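The structure appears below as structure tokens.
Here the structure is a predicted model, which means the values were calculated and not measured. Both backbone and side-chain heavy atoms feed into the values below; hydrogens, waters and symmetry mates do not.
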Amino acid sequence: EENLTAAGLADQYLLHADAIRDYRSEYSVSSGTVENPFSGRIRYAYKAPSFARMEQTYSSSRVPGSFATSDGTRTAWYDAETRTYDLSSGMKLPREYDYQAIVRRIVADRTFTITGRNTSHGPARYQIEIVTEPYSDKYTPYISSRIRAWVEPSTGRAWNVMTYYGCGSS
């Protein structure tokens, strides 16, 4: 399989990513400071045209089992600790938890660089990176300085999406 340019990767990735109608993701979260670290595990599901569900399956600071669902216009949030629902939550699930959509926006903007290529899993996967310094919330609901992800252009999927805040160039 040939090496793709950034433009070729974007064209092929977006063609396949735009055809995905539903998916599930699970990811780990590590954030906070040395003095006050946070870790968690999030499960996210999306079904076209606009259904989304996010669940905290593990959290170092909250009771696991909290979840939110959205129909595209409203989001309802269940807090497992208080066992209450917030039917008027302002949370935007796709903006906050849909890392496939975050990567899709990055690729569509076509300002990323290709930093790696791997074929050990079958179809070629490319590591892409976008530097958002001096810091930006353009792609994430929080401030970040850099975002990296592995993408598979032949399927339109993304893996190992990592966001950084002030980590230099390493």
Separation between OG (S59) and CZ (F38), nearest 0.5 Å, reads 4.0 Å

Shortest non-hydrogen pair, H16 vs G156, comes out as CB-N, 3.5 Å

Exercise for the section: Compute whether any side-chain donor of one residue and acceptor of the other, for Q127 and T115, lie under 3.5 angstrom apart. Expected result: yes

What orientation do Y85 and F67 show, parallel under 30°, tilted 30 to 60°, or perpendicular over 60°? perpendicular

- prompt: Has the side chain of T5 got a donor or acceptor atom that lies under 3.5 Å from a matching backbone atom of G8?
  reply: yes

Taken to the nearest 0.5 Å, the spacing of T84 OG1 from Y78 OH works out to 7.5 Å

Notebook entry, point to check: With no hydrogens and no angle check, is any side-chain donor or acceptor of S70 less than 3.5 Å from a backbone partner on R74?
Noted result: yes

Validation row, ring centre Y97 to ring centre Y44 under 6.0 Å:
no

Just wondering, do Q12 and L4 contact through their side chains at under 4.5 Å, heavy atoms? yes

For A149 and V103, the nearest pair of non-hydrogen atoms, with its separation, is CB-CG2, 3.8 Å

Is a donor from one side chain sitting under 3.5 angstrom from an acceptor on the other, for T111 and D109? no

Ionic contact status for R110 with D11, cut-off 4.0 Å: yes

Point to revise | Check: R41/S28 side-chain N/O donor and acceptor closer than 3.5 Å | key: yes

(Q) Using modelled atom types and a 3.5 Å cut-off, is there a donor and acceptor pairing between side-chain atoms of D98 and backbone atoms of A101? (A) yes

Between the CZ atom in R157 and the CD atom in E152, the distance rounded to the nearest 0.5 Å is 5.5 Å

- prompt: Does NZ or CZ of R146 lie under 6.0 Å from the centre of the six-membered ring of Y164, at an angle within 45° of the ring axis?
  reply: yes

Taking the side chain as every heavy atom from C-beta outward, state whether Q100 and S25 have any atom pair closer than 4.5 Å.
yes

For A124 and R117 the tightest heavy-atom approach is CB-NH2, 3.9 Å

Within the 3.5 Å criterion, strictly below it, is a donor on T69 or D71 matched to an acceptor on the partner's side chain?
no

Are R53 and E55 within salt-bridge range, i.e. N to O under 4.0 Å?
-> yes

inquiry  = When you compare the side chain of I42 with that of T57, does any pair of heavy atoms fall below 4.5 Å?
reply    = no

Value for CD1 (I114) from CD (E129), rounded to nearest 0.5 Å, stands at 12.0 Å

Checklist line | same_hphob_cluster(Y46, L14) at 4.5 Å side-chain heavy-atom cutoff | finding: yes

Quiz prompt | Flag side-chain contact, heavy atom, 4.5 Å: T132 against Y139 | solution = yes

Between Y126 and W159, is there a shared hydrophobic cluster once you connect ILVMFWY residues whose side-chain heavy atoms come closer than 4.5 Å? no

**Study point:** Sidechain-backbone polar pair: S66 side chain, A80 backbone, donor-acceptor under 3.5 Å
**Key:** yes

>> Treating R125 as the side-chain partner and W150 as the backbone partner, does any N or O pair qualify as donor plus acceptor under 3.5 Å?
In response: no

Practice problem: Check the pair L9, F112 against side chain to side chain contact (heavy atoms under 4.5 Å, CB included), reporting the backbone distance first and the verdict last. | Solution: CA-CA 11 Å; L9 182 151; F112 63 90; 3.8 Å; yes

Single-linkage hydrophobic cluster V131~M162, side-chain heavy atoms < 4.5 angstrom: no

| message | Using ring centroids (six-membered ring only for Trp), state whether Y27 and Y99 fall under 6.0 Å. | response | yes

Check your understanding: Judged by modelled atom types alone, do Y13 and T155 share a side-chain donor-acceptor pair under 3.5 Å?
Key -> no

dist Q56:CD -> D79:CG (nearest 0.5 Å) comes out at 8.5 Å

Verify the cluster assignment for M54 and L87: are they in a single hydrophobic cluster under the rule of side-chain heavy atoms below 4.5 Å apart? no

- Task: Look at the side chain of T163 and the backbone N and O of S144, then say whether any donor-acceptor pair between them is shorter than 3.5 Å.
- Result: no

Margin query: Under 4.5 Å between side-chain heavy atoms, counting indirect links through other Ile/Leu/Val/Met/Phe/Trp/Tyr residues: same cluster for Y23 and V161 or not?
Written below: yes

